[in-house]
Amino acid sequence: LMYDPTRHGSLNREIGRWGLARVETTGPGAGGVVVHRLTQEIIKSRLSDPQQAQRRTEIQSVLADADRGNPDEPANWPTYEALRPHLEATGASNSEQPAVRQLLIDMTRYLWARGDYTSCVELANAVLNEWLALFGEDDTWVLRLRYPLALALRDAGREDEAYAMNRDSLERLRRTLGSD
């Protein structure tokens with residue numbers, strides 16, 4: 001049914017009529033469906049733990065596969081902002097998927113590029129804490145995440161902390177990947 005474009009209008013009307021969800025008509029999420037939180041909880045309650053984990057992984061993959069472009073380009077920022085609220089809700093920081101981990105790094109880079117150093121540091125620290133517990137200090141993705149975090153710390157006036165983080169990351173990268 002969802003793949004039949006001729007039925008989208010009637011399907012959207014039915015979903016809206018029952019108050020289960022709404023279709024976004026404007027902004028970067030235009031055409032997307034926003035499911036009511038109560039509806040989400042009802043659906044979630046009917047899934048087993050393994051099914052919930054599988055759905056979470058699928059949703060994380062959808063977010064990571066979004067065509068978001070370079071986080072340094074202001075033209076791409078509305079897409080990043082549309083994705084941002086879904087990261088915590090989907091547990092993206094616990095994902096082992098490289099594409100999801102890259103999304104989180106890109107999101108911190110976007111926040112830094114936008115000049116929102118406080119949000120960048122908050123997100124990066126939250127993700128970093130999760131990744132350190134899951135993957136350890138020498139994990140390449142952990143070291144890659146520390147770069148935009150250090151940029152935000154530096155630009156927020158915390159130069160000593162940024163320098164120490166960069167120095168430690170460089171030592172770890174040399175030890176794990178070599179001097180090149």
Side-chain angles (χ1 to χ4, degrees), residues 24 27-32 34-35 37 40 52-180:
E24 291 291 326
V34 179
V35 179
R37 288 196 190 279
Q40 291 177 33
Q52 287 182 33
Q54 178 62 33
R55 295 303 172 268
R56 209 173 11 259
T57 299
E58 290 168 357
I59 293 167
Q60 291 168 356
S61 294
V62 168
L63 293 172
D65 290 343
D67 185 13
R68 59 189 181 272
N70 184 334
D72 295 333
E73 297 292 327
N76 298 325
W77 293 355
T79 303
Y80 279 91
E81 197 56 35
L83 294 171
R84 186 175 163 202
H86 303 288
L87 298 179
E88 185 177 346
T90 63
S93 62
N94 292 317
S95 178
E96 295 181 13
Q97 298 178 72
V100 176
R101 295 180 83 185
Q102 184 62 56
L103 168 61
L104 290 163
I105 290 171
D106 288 350
M107 189 63 66
T108 60
R109 182 74 185 204
Y110 148 70
L111 292 168
W112 170 78
R114 196 180 79 177
D116 188 352
Y117 309 131
T118 301
S119 295
C120 178
V121 169
E122 287 173 1
L123 175 62
N125 276 328
V127 172
L128 187 61
N129 289 333
E130 293 282 339
W131 286 4
L132 288 171
L134 292 169
F135 310 112
E137 292 182 349
D138 290 336
D139 176 74
T140 305
W141 291 95
V142 166
L143 297 171
R144 290 181 62 208
L145 176 63
R146 291 176 80 186
Y147 177 69
L149 174 55
L151 289 173
L153 290 171
R154 181 200 66 199
D155 291 343
R158 297 162 60 182
E159 293 92 355
D160 292 342
E161 194 176 345
Y163 178 77
M165 182 175 288
N166 278 334
R167 186 177 66 220
D168 181 65
S169 294
L170 179 59
E171 290 170 11
R172 289 178 187 284
L173 284 167
R174 283 183 175 150
R175 187 173 59 247
T176 57
L177 301 176
S179 294
D180 290 343

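- Among all heavy-atom pairs drawn from Asp138 and Leu143, the shortest one is O-CD1, 3.9 Å.
- With values rounded to the nearest 0.5 angstrom, Asp168 atom CG is found 11.5 Å from Tyr163 atom OH.
- Minimum interatomic distance between Cys120 and Ala152 (heavy atoms only, all atoms of both residues): SG-CB, 3.6 Å.
- Taking CG of Asn166 as the reference point, atom OH of Tyr147 lies at 8.0 Å (rounded to 0.5 Å).
- Leu177 is linked by a side chain to side chain contact (heavy atoms under 4.5 Å, CB included) to Thr140, Leu173, counting only residues two or more places apart in sequence or in another chain.
- Ion pairing between a basic and an acidic side chain is recognised when a charged N comes within 4.0 Å of a carboxylate O; Glu171 and Arg174 show no such pairing.
- Evaluation of the salt bridge (charged side-chain N to carboxylate O under 4.0 Å, His left out) rule for Arg84 yields Glu81 as partners, not counting sequence neighbours.
- When each of Leu123, Leu132, Val127 is checked for a side chain to side chain contact (heavy atoms under 4.5 Å, CB included) with Leu145, only Val127 meets the rule.
- Contacts of Glu137 classified as salt bridge (charged side-chain N to carboxylate O under 4.0 Å, His left out), with partners at least two apart in sequence or in another chain: Arg172.
- A donor and an acceptor atom, one from each side chain of Thr57 and Gln97, are nowhere located under 3.5 Å apart.
- Sorted by first and then second residue, the ring-ring contact (aromatic ring centres under 6.0 Å, His included) pairs involving residues 78-103 (not counting sequence neighbours) are Tyr80-Tyr110.
- Between the CG atom of Leu151 and the CH2 atom of Trp112 there is a distance of 5.0 Å, given to the nearest 0.5 Å.
- One distance of note links CD of Gln54 with CD1 of Ile59; it measures 10.5 Å at 0.5 Å rounding.
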| said: Could you go through Arg167 and Leu170, starting from their C-alpha distance and side-chain angles, then the distance that decides it, and tell me whether this counts as side chain to side chain contact (heavy atoms under 4.5 Å, CB included)? | reply: CA-CA 5 Å; Arg167 186 177 66 220; Leu170 179 59; 5.8 Å; no
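- Residues satisfying the side chain to side chain donor-acceptor pair (under 3.5 Å) criterion with Trp131, sequence neighbours excluded, are absent altogether.
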Taking only distance into account, with no hydrogens and no angle test, what donor-acceptor pairs under 3.5 Å do side-chain atoms of residues 99-109 form with protein atoms, sequence neighbours excluded?
| from | atom 1 | to | atom 2 | distance (Å) |
| --- | --- | --- | --- | --- |
| Arg101 | NH2 | Asp139 | OD2 | 2.6 |
| Gln102 | OE1 | Arg144 | NH1 | 3.2 |
| Gln102 | OE1 | Arg144 | NH2 | 2.6 |
| Gln102 | NE2 | Asp106 | OD1 | 2.8 |
| Asp106 | OD2 | Arg68 | NE | 3.4 |
| Asp106 | OD2 | Arg68 | NH2 | 3.1 |
| Thr108 | OG1 | Ile105 | O | 2.7 |
| Arg109 | NE | Asp72 | OD1 | 2.9 |
| Arg109 | NE | Asp72 | OD2 | 3.4 |
| Arg109 | NH2 | Asp72 | OD2 | 3.2 |

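- Residues satisfying the side chain to side chain contact (heavy atoms under 4.5 Å, CB included) test with Arg56, not counting sequence neighbours, are Gln52, Ala53, Gln60.
- With sequence neighbours left out, the salt bridge (charged side-chain N to carboxylate O under 4.0 Å, His left out) criterion links Glu88 to no other residue.
- Ala162 approaches Leu153 most closely through the heavy-atom pair CB-CB, 4.0 Å.
- How far CG of Asn125 is from CZ of Arg146: 10.5 Å, rounded to the nearest 0.5 Å.
- Partners of Glu161 by salt bridge (charged side-chain N to carboxylate O under 4.0 Å, His left out), not counting sequence neighbours, listed by chain and number: Arg158.
- Smallest separation of non-hydrogen atoms from Phe135 and Ser95: CZ-O, 3.8 Å.
- Residues forming a side chain to side chain contact (heavy atoms under 4.5 Å, CB included) with Glu73 (at least two apart in sequence, or on another chain): Asn70, Asn76.
- Of all heavy-atom pairs between Ser93 and Glu130, the closest is OG-CG, 3.5 Å.
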